Number of protein chains: 2
Amino acid sequence: MEELSATAYVILGMVRGEPKSGYEIKAAVDGTTRFFWAASYGQIYPELKRLSEAGLIAGSDSPTGGRRRTVYAITADGEEELVAWLRQPPSTYELREEGLLKLFFADALPRPDAVEILRAMRVHRLAVAARLRAMEPLALERGDPFPLAVLRAGIEFTEWFADWCERTEAQLLDPDHEKRSS
Amino acid sequence: MEELSATAYVILGMVRGEPKSGYEIKAAVDGTTRFFWAASYGQIYPELKRLSEAGLIAGSDSPTGGRRRTVYAITADGEEELVAWLRQPPSTYELREEGLLKLFFADALPRPDAVEILRAMRVHRLAVAARLRAMEPLALERGDPFPLAVLRAGIEFTEWFADWCERTEAQLLDPDHEKRSS
DNA sequence: ACAGGCATGTAAATAGTTACATGATTCG
DNA sequence: CGAATCATGTAACTATTTACATGCCTGT
């Protein structure tokens, strides 16, 4: 058997516990892991078929009224595969941030426009932080320690980033006195 | 004219200032933006051809001895395109971190193995932080404020992340007394 | 002589997004 | 009734990595 894709493991992890439909998996991803690992229908549905054929998940019809619906449950093989993957040291780390890329080249802009990049980044991050903070009470209620920890990583990261933007903006406007208000 | 890819702008930004060969662009990316925006030869060389045909960069032969070599310089049109892109609010933000994904599903593992994920993440981040710190003196010498700011973002982020791993590990091992040593 | 770095490029595979098509159900 | 949501799926495109092929030049 070939290597599974990261999306395959996202699916395995998501259907562990309660079985889910493709639609529900997408919703779960959007509500939780989206901030550090996304998945689209174009990945999910074909992957569900592959995982099903490989025997790592099993689909069963579960229509809601006249609306056809297939929910997938993890199999023993699937659980084994998931756990084996979890035990391997993680190897994908990428902070894809167009704002940092633009800032890197901001020398090509007049100073006020360059600073504007930082302002835009900060505004965006503050909005994200608010959304994540709003999700925290729900995650707390659920009581699952790992998703909660991951959410808090997202919150802390986003707030740290917004703060970094603010500090860097100040430094660019007043470059000689970095240490004044420590 | 169609929209340009992010890689196209990376190239435009990299050849602004001194002209560079494809090989040098790759080296520059690996030495600087790699931590938040990478590019491979498979993207760079075809993109150089496209940008050249679009008149945004201009290549000129510049062999080193008998070794053929083409360096590309940005054109006025290219500079305009780059600046227009820099002025638009950034729109790609993604923290792709397999470790967080694994941690999210770590419920499937016995507790010590779950904690091991955090330890592996931390070890990795500490190694990255060391590499980035080693690059700081050079960036300081160069005196370009934007690349330096971006590098420092990388350092701060990496160190924050390593610290978060440590704190979260401690909390998972001793969940009831989160506030003891504030 | 040989290793390693400079240099250009392509092919194939994998990954991932976007847009669309289809149709049912629910809620206002 | 119409909009939103549930639900499944595909096609086309874009992005990205990996591996390979080729060949020159420099230092040991």
Side-chain angles (χ1 to χ4, degrees), chain A residues 1-11 14-15 19-31 33-53 57 59-72 91-96 98 101, chain B residues 1-11 14-15 19-31 33-53 57 59-72 91-96 98 101:
Chain A
M1 193 186 319
E2 312 121 38
E3 293 282 295
L4 296 181
S5 66
T7 303
Y9 293 109
V10 172
I11 291 174
M14 285 298 176
V15 301
K20 288 191 181 65
S21 67
Y23 187 85
E24 286 170 319
I25 291 168
K26 171 78 162 103
V29 167
D30 283 350
T33 68
R34 176 185 36 167
F35 302 103
F36 58 93
W37 210 288
S40 62
Y41 288 127
Q43 289 171 275
I44 291 170
Y45 283 108
E47 195 65 54
L48 281 171
K49 194 176 282 181
R50 275 193 292 275
L51 288 173
S52 193
E53 278 162 11
I57 58 176
S60 58
D61 288 356
S62 163
T64 32
R67 189 154 51 188
R68 108 192 137 100
R69 181 162 165 273
T70 310
V71 295
Y72 295 88
S91 66
T92 305
Y93 337 80
E94 212 180 329
L95 178 63
R96 214 126 210 290
E98 211 184 71
L101 186 63
Chain B
M1 195 184 320
E2 312 122 39
E3 293 282 296
L4 296 180
S5 66
T7 304
Y9 293 110
V10 172
I11 291 174
M14 285 298 176
V15 301
K20 288 190 182 63
S21 68
Y23 188 86
E24 286 170 319
I25 291 167
K26 171 77 162 103
V29 167
D30 283 350
T33 69
R34 175 184 39 167
F35 301 102
F36 58 92
W37 212 288
S40 62
Y41 288 128
Q43 289 171 274
I44 290 170
Y45 282 108
E47 195 64 54
L48 282 172
K49 195 176 283 182
R50 276 193 292 275
L51 288 173
S52 193
E53 278 161 11
I57 58 176
S60 58
D61 288 355
S62 162
T64 31
R67 188 154 54 188
R68 106 192 139 100
R69 180 163 167 274
T70 309
V71 295
Y72 294 88
S91 66
T92 304
Y93 337 80
E94 212 181 329
L95 178 63
R96 215 125 212 292
E98 212 184 71
L101 186 62

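Model, not experiment: these values are computed from the prediction. Lettering follows sequence order; numbering is per chain, from 1.
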_Looking at C/dA15, I'd like to know if its phosphate oxygens (OP1 or OP2) sit under 4.0 Å from a side-chain N or O belonging to A/T7._
no

*Considering just the side-chain nitrogens and oxygens of A/Y23, establish if one lies under 4.0 Å of OP1 or OP2 belonging to D/dT8.*
no

*Within less than 4.0 Å of OP1 or OP2 of D/dT16, is there a side-chain N or O belonging to B/S40?*
no

*At under 4.0 Å between heavy atoms, what does B/S21 touch on the DNA or RNA strands: base, sugar-phosphate, or nothing?*
sugar-phosphate

*Quick one: is D/dA15 close enough that its OP1 or OP2 comes under 4.0 Å of any side-chain N or O from B/Q43?*
no

_Options C/dA7, D/dT16, D/dT8, nucleotide nearest the side-chain atoms of A/R68_ = D/dT8

*Determine: side-chain N/O of A/Y41 to OP1/OP2 of D/dG9, distance under 4.0 Å, yes or no.*
no

*Whole-Å distance separating the CD atom of A/E24 from the P atom of D/dG9*: 14 Å

*Can you tell if the side chain of B/M14 reaches within under 4.5 Å of the side chain of B/T33, non-hydrogen atoms only?*
yes

*So which one's nearest nucleotide on DNA chain D is more toward 5', A/K49 or B/A39?*
A/K49

*Measure from CG on A/L4 to C1' on C/dA15 and round the result to the nearest Å.*
14 Å

_Minimum-distance pair of heavy atoms, taken over all atoms of B/A6 and B/W37_ = CB-CZ2, 3.2 Å

_In whole Å, I'd like the distance from the CG atom of A/D30 to the C1' atom of D/dC6._
14 Å

*Work out which heavy atom in B/R96 is nearest to a heavy atom in A/A38; give both atom names and the distance.*
NH2-O, 4.3 Å

*Side-chain N or O of B/R67 less than 4.0 angstrom from OP1 or OP2 on C/dG5?*
no

*asked:* If you assign B/T70 and A/W37 each to the DNA chain C nucleotide with the nearest heavy atom, which residue ends up on the more 5' nucleotide?
replied: B/T70

*asked:* Pick the closest DNA chain C nucleotide for B/P46 and for B/T64 by heavy atoms, then say which residue is nearer the 5' end.
replied: B/T64

*Under 4.0 Å between a side-chain N/O of B/R96 and OP1 or OP2 of C/dG16, yes or no?*
yes

*N-O pairing of A/E47 and A/R50 below 4.0 Å*: yes

